[in-house]
Amino acid sequence: MPTKYIVITGGVLSGLGKGIATASIARLLKSNNKIVTVKCDGYLNVDPGTMNPIEHGEVFVLADGGEVDMDFGHYERFLGITCKSDWNLTSGKIFSRVIAKEREGKYLGKTIQIFPHITDEIKSWWKEIAQQEKPDIMTIEIGGTVGDIENSWFVEAARQFKKEVGPENIIYIHLTYVPFLDSVGEPKTKPAQRDLALLREKGIYPDIIICRSKNILPEKIREKIALFSDIDKNNIITGRDIECIYEVPLIFKEQGLLDNLKEKLKLDFKEDLTDWEKLVQRIKTPKNAITIAVCGKYTELKDSYASIIEALTHAGAHCDTKVKLKWIETTDIENGKLKIEDAIKDADGILIPGGFGSRGVEGKISIIKHARENNIPFLGICYGLQLAVVEFARNVCKLSAHSTEIEEKTSNPVIDYIPEQRNIKSKGGTMRLGACRAILQKGTILQSLYNTDEASERHRHRYEVNPAYHEILQKNGMVFSGISENKRLVEYIELPKHPFFVATQAHNELTSRLEKPNPLFFGFVRAALKSHNV
Ligand code: GLN
């Protein structure tokens with residue numbers, strides 16, 4: 001069977017949840033199908049690795065080391081697949097390829113233009129992925145909104161693609177917005193009308209329209225949208241506001257989307273969502289509730305911690321527990337605006353996420369000290385591990401210690417550059433990236449959670465625990481519960497006398513899926529629940 005393609009575009013405004021809609025559509029079609037999820041981003045950066053997470057949300061890291069758009073997090077979490085870095089096209093990647101080809105003389109005699117050279121490159125990239133992966137279904141999500149200049153070549157390539165793959169093998173789904181106006185008490189379709197007219201102007205006639213709206217749209221509104229988009233009203237679906245993103249596939253299915261997709265793409269399979277439904281139910285009506293204090297510096301934009309939030313939700317679903325988050329801006333601790341005791345007074349666990357630079361660091365270190373001394377379950381991620389080591393070196397080993405990331409000339413550089421990182425000047429894609437195996441030490445909390453002798457998790461860092469300090473840290477009671485295969489790098493630490501004080505050099509949140517939570521997050525949530533109940 002040839003690959004079936006689903007192109008997903010969006011309109012009116014950004015932030016409507018196109019990534020979640022795409023992941024949900026793909027989840028409905030999962031069954032035994034091989035699904036490949038492609039995302040096209042208009043920006044000229046080669047990848048989002050150098051962007052500020054406040055501007056662009058979290059940088060998602062794939063097993064192969066690719067730094068990609070955060071929508072890949074949704075794809076992996078909904079589908080349980082492992083995506084590849086090449087599935088994220090950016091204008092930066094496409095333009096670089098075309099310009100490199102021009103220099104090589106591949107287009108001798110020609111004037112290189114957006115149309116057809118950039119659009120041809122996009123289409124051949126899509127086809128290359130399809131040839132390599134041979135998926136049953138390939139979703140192609142186009143970032144931004146139709147009408148953005150920087151996404152226009154992707155939209156045009158998507159239009160042309162129908163001719164190349166055959167109209168029976170491709171459908172177009174458009175996500176639009178139907179605001180509910182409180183003052184008139186009804187949903188208004190004008191923005192969607194304009195949006196769909198613009199899409200038609202680009203030559204794309206959607207097969208299915210998903211309307212983001214507050215509530216399920218009444219039939220007469222769907223009829224109205226159907227009228228000016230030339231499609232049957234049954235192909236107009238509402239993506240209503242919801243509390244739990246994992247409910248979206250179920251809401252789509254209820255409205256007949258799965259049947260419509262199967263019919264349009266001539267697919268024949270059965271998909272059983274009963275287990276998924278049970279997990280969603282557990283997220284919505286859990287037996288228990290705990291609070292985790294997340295202490296970082298990007299707390300003003302939760303999108304910078306998307307995978308951590310989801311990993312806690314997954315672990316919570318499997319412990320029948322709602323995980324409430326309390327965001328603590330550690331600069332407030334540092335400058336005395338907020339007292340630690342007040343900040344964490346109702347927290348059952350403390351999480352220090354990954355990060356870079358000096359802002360808020362001393363605040364994080366004092367929170368870690370508080371967690372260590374007061375037996376509060378603690379999970380440190382990447383920078384969180386490094387700062388837990390600094391804290392331990394200072395307050396237990398009695399060293400005047402720091403990370404050279406913050407204090408280059410510190411007298412005890414307990415955290416220092418990974419040697420291979422020291423002379424790297426270029427910033428794009430040069431950290432220690434992607435999945436690396438760690439050997440787990442028997443008898444540790446970590447090993448009992450993974451229940452195997454090794455764990456492969458994804459990384460994104462330049463610094464490590466300085467091997468010159470391994471001995472003194474261990475002598476003072478710190479356990480290295482996971483180390484790299486070459487035995488040089490400390491991948492996990494824990495403190496045996498503490499109920500749960502574990503930190504990881506990796507980003508274990510990136511491999512957590514709703515149907516299979518990450519073992520470390522599961523252990524942390526379980527420990528916090530235990531501490532809540534005593
Ligand atoms: N800044 C630290 C490093 O580069 C930690 C990075 C992170 O938390 N992702 O090693």
Side-chain angles (χ1 to χ4, degrees), residues 47-54 56-63 65-68 70 73 294-299 301 303-309 311 330 350-365 367-368 378-391 393 401-408 410 413-436 438 457-467 469 482-484 488-493 502-512 518 520-521:
D47 63 43
T50 55
M51 291 185 200
N52 185 340
I54 293 191
H56 192 69
E58 163 184 85
V59 176
F60 196 77
V61 181
L62 297 175
E67 295 177 286
V68 293
M70 61 183 290
V294 183
C295 314
K297 73 167 178 181
Y298 303 124
T299 54
L301 191 67
D303 263 5
S304 12
Y305 297 124
S307 294
I308 288 184
I309 300 174
T330 49
I350 290 177
L351 188 150
I352 308 273
F356 295 83
S358 61
R359 193 160 74 84
V361 155
E362 288 305 323
K364 289 182 190 171
I365 294 175
I367 292 178
I368 297 170
F378 167 79
L379 176 61
I381 312 258
C382 199
Y383 209 22
L385 173 138
Q386 298 174 0
L387 297 176
V389 169
V390 171
E391 188 281 317
H402 217 326
S403 160
T404 53
E405 179 173 354
I406 315 294
E407 203 182 305
E408 226 185 306
T410 170
V414 284
I415 305 296
D416 199 7
Y417 265 126
I418 302 172
E420 305 83 73
Q421 288 286 331
R422 193 174 294 277
N423 296 317
I424 295 177
K425 294 272 176 300
S426 151
K427 295 280 185 247
T430 56
M431 285 188 242
R432 178 174 182 248
L433 286 166
C436 305
E457 295 292 349
R458 302 175 189 178
H459 293 69
R460 185 172 191 254
H461 64 129
R462 294 190 197 282
Y463 293 83
E464 63 170 354
V465 181
N466 186 343
Y469 290 86
I483 50 167
S484 61
R488 177 199 163 83
L489 230 131
V490 175
E491 295 280 19
Y492 295 89
I493 59 160
V502 186
T504 164
Q505 187 56 77
H507 286 272
N508 301 48
E509 70 275 20
L510 300 176
T511 55
S512 184
N518 179 275
L520 183 55
F521 275 80

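We're numbering straight along the sequence, starting at 1. Read the numbers this way: they start at 1 and go in the same order the structure lists the ligands and their atoms.
Closest heavy-atom contact between Val390 and Ser403: CG2-N, 4.0 Å.
Residue contact check: Phe356 has heavy atoms under 4.0 Å from atoms 1 (N), 4 (O), 6 (C), 7 (C), 9 (N) of ligand 1. Contact atoms of ligand 1 toward Glu405: 1 (N), 2 (C), 3 (C) (distance under 4.0 Å to a heavy atom of the residue). Distances below 4.0 Å separate heavy atoms of Arg460 from the following atoms of ligand 1: 6 (C), 7 (C), 9 (N). The distance from ligand 1 to the heavy atoms of Gly354 drops below 4.0 Å at these ligand atoms: 8 (O).
For the residue pair Gln505 and His461, a side-chain donor N or O sits within less than 3.5 Å of a side-chain acceptor on the partner. Side-chain contact of Thr330 with Arg359: a donor-acceptor pair under 3.5 Å is absent, judged by distance alone. Under the 3.5 Å distance criterion, with hydrogens and angles disregarded, no donor-acceptor pair is assigned to the side chains of Thr504 and Glu457.
Ion pairing between Arg432 and Glu420 fails under the 4.0 Å rule for side-chain N and carboxylate O.
In Met431, neither the side chain nor the backbone holds a heavy atom less than 4.0 Å from any atom of ligand 1.
The closest approach between a heavy atom of His507 and any atom of ligand 1 is below 4.0 Å.
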Between Tyr469 and Asp416, is the side chain to side chain donor-acceptor pair (under 3.5 Å) condition met? List the steps. CA-CA 11 Å; Tyr469 290 86; Asp416 199 7; over 6 Å; no

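The N/O atoms of Gln505, backbone and side chain alike, include none that comes under 3.5 Å of an N/O atom in ligand 1. Ligand 1 has no N or O atom lying under 3.5 Å from any N or O atom of Ile381, backbone or side chain.
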